[in-house]
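Throughout, a chain's letter reflects where its sequence line sits, starting with A, and its residues are numbered from 1.
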Protein chains: 2
Amino acid sequence: MHIQYQDFNGAAELIAGDYREEWVDIENVLTSMPLHLKASDQAKIQGRAIFDPVGTNQHIADGLVPRGWEQKIPIPSSFKFLGTDVDFGKNGVVVEVQFSNYPFLLNNTIRSELFHRAQTIFHQRPTSLIIIVVKAGMFPSSNSTLYYEQAFNQLEALSHHGVFTVPIRLVGLFEPLGRVWANWTGYTAARYSRIVGSRALKEFEITAGRLGRCKIDPI
Amino acid sequence: MHIQYQDFNGAAELIAGDYREEWVDIENVLTSMPLHLKASDQAKIQGRAIFDPVGTNQHIADGLVPRGWEQKIPIPSSFKFLGTDVDFGKNGVVVEVQFSNYPFLLNNTIRSELFHRAQTIFHQRPTSLIIIVVKAGMFPSSNSTLYYEQAFNQLEALSHHGVFTVPIRLVGLFEPLGRVWANWTGYTAARYSRIVGSRALKEFEITAGRLGRCKIDPI
DNA sequence: AGTGTTAGATCTACGA
DNA sequence: TATCGTAGATCTAACA
């Protein structure tokens, strides 16, 4: 997929410096990933293609883990009220991939802020940089799932007000309009299942909708 | 129901001063409310009584609106990326009732922080005090729904680190162990429906479980 | 009438 | 094996 990103609190400088290799890992995994789609089970749009968070998450994990990223790293017990684990970590870089509902953006951001202030170690070094990966607003998706433009606006407002100081790179997953080969996956249940029933590369056409939201149709 | 609360950033002093009447409204509504229960539709615990967010939300709205609280007050367009509205407001006091998943706590808290810093007016006066109402951890509930003890720990950690400065009173809804008459509601669908099919006061027994979580059984 | 968005509801997945 | 809690998935409700 294509990516766009925005840096907060000096993330760009950190990545240009000590964390270049960690960024390259992420960039390689994301830009070599095909768009993943699945069938919606929402009333009135049953069967229509929507962004597939299960497939996308799986693909990212399959890419990062062999590159030395630790997955689901436990949160220390002193911070257990902030959750059980962070998605990925390597050398003080924490990655959160977030396709769930929009409030997770501020949850992930603020708990990361505390991990940073407390110098919590997730992998080798104290938390120094957070990379948050989200999908673009262009994709038809489950309602209320977080999207890049929304996350961007929220983080920008927060950082202007100095609410958080941890360096964050917010990464958005995009796809150009037009024809695209996407990974179309059927799961063993219409909702929630992570068990692949069928998976195949299939061609779709992405066309612009009214505003930023697009339509995705099989060719 | 019984309530417990915890104050952050001077909320107690504000309530003892200018906002006594607004607090009395909320206290009266919450303490005169019966426990609301519904049937779970979760696999393996189908039909078991769980905390009913729909009924509880409805009861609170029915109590606050006649007391002069404005409901679903629109967020000004300059902050539209923070959402569409806040639950209730009166004279600069904003109430958020939150029974959805846990990340909404930090979403509601941090967006309230921005409303406070920007002196956003929701009802007559600039946002001066936030009251967040949640259920206690004792109740069987839908998975991952926010609970008081979790919210308490998160807000405490945040305020210790100075991440937010807006005065907040966090209010938890509790029920003593033993027999209780609760509002048992059947909705027109097993999930999501807000249309009451049947509603009746019914007696339940609340017994202590392993840790804080309790069991609730019909008598 | 159909679209789009947030809010709220609430499930399954998974590991301790 | 069953329980519990968070993470993630993803729906319906309601309103602009």
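A distance of 6.0 Å separates OG1 in A/T84 from CD1 in A/I75, rounded to the nearest 0.5 Å.
Here the C1' atom of nucleotide D/dA2 and the CZ atom of B/R213 are 16 Å apart, to the nearest Å. One interatomic measurement links the two molecules: CG of A/N153 to C1' of C/dT6, which rounds to 15 Å at whole-angstrom precision. Rounded to whole Å, atom P of D/dA7 lies 13 Å from atom CG of B/L146. Taking atom OH on B/Y102 and atom P on D/dG5, their separation rounds to 13 Å, with Å as the unit. Rounded to an integer number of Å, the gap from CG of A/N107 to P of D/dG5 is 17 Å. The distance between atom NZ of A/K44 and atom P of C/dT3, rounded to the nearest whole Å, is 10 Å. Between B/L105 atom CG and D/dT6 atom P the separation is 12 Å, expressed in whole Å. The CD-C1' distance, from B/Q71 to C/dG8, rounds to 13 Å in whole Å.
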Checklist entry - Base, backbone or nothing for each nucleotide of nucleotides 9-15 of chain D, written B, S, -, heavy atoms under 4.0 angstrom, 5' to 3'? => result BBBBBS-

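Counting heavy atoms from C-beta on, the side chains of A/I206 and A/L35 come closer than 4.5 Å. Using a 4.5 Å heavy-atom cutoff, the side chains of A/F139 and A/E175 are in contact. B/V29 has its side chain within reach of B/R67: a pair of non-hydrogen atoms, C-beta onward, lies under 4.5 Å apart.
Ring geometry for A/F174 versus A/Y148: interplanar angle over 60°, hence perpendicular rather than tilted (30 to 60°). Aromatic ring pairs are classed by plane angle as parallel below 30°, tilted from 30° to 60° and perpendicular above 60°; the pair A/Y102 and B/F104 is perpendicular.
Counting any heavy atom pair closer than 4.0 Å across all strands shown, B/R111 reaches sugar-phosphate atoms only and no base atom. A/Q150 comes within 4.0 angstrom of the backbone, heavy atoms only, and of no base. Across all strands, B/Q46 comes closer than 4.0 Å to no nucleic acid atom at all (heavy-atom distances).
Checked by atom type and distance alone, the side chain of B/D87 pairs as donor or acceptor with a backbone atom of B/V97 at under 3.5 Å. Between the A/Q98 side chain and the A/S100 main chain, a donor and an acceptor come within less than 3.5 Å of each other.
For the segment residues 74-92 of chain A, the set of residues with a heavy atom within less than 4.0 Å of an atom of DNA chain D comprises A/G83, A/T84, A/D85, A/D87, in numerical order.
Applying the side chain to side chain contact (heavy atoms under 4.5 Å, CB included) test between A/L105 and each of A/T109, A/N101, A/N107 identifies A/T109 as the sole match.
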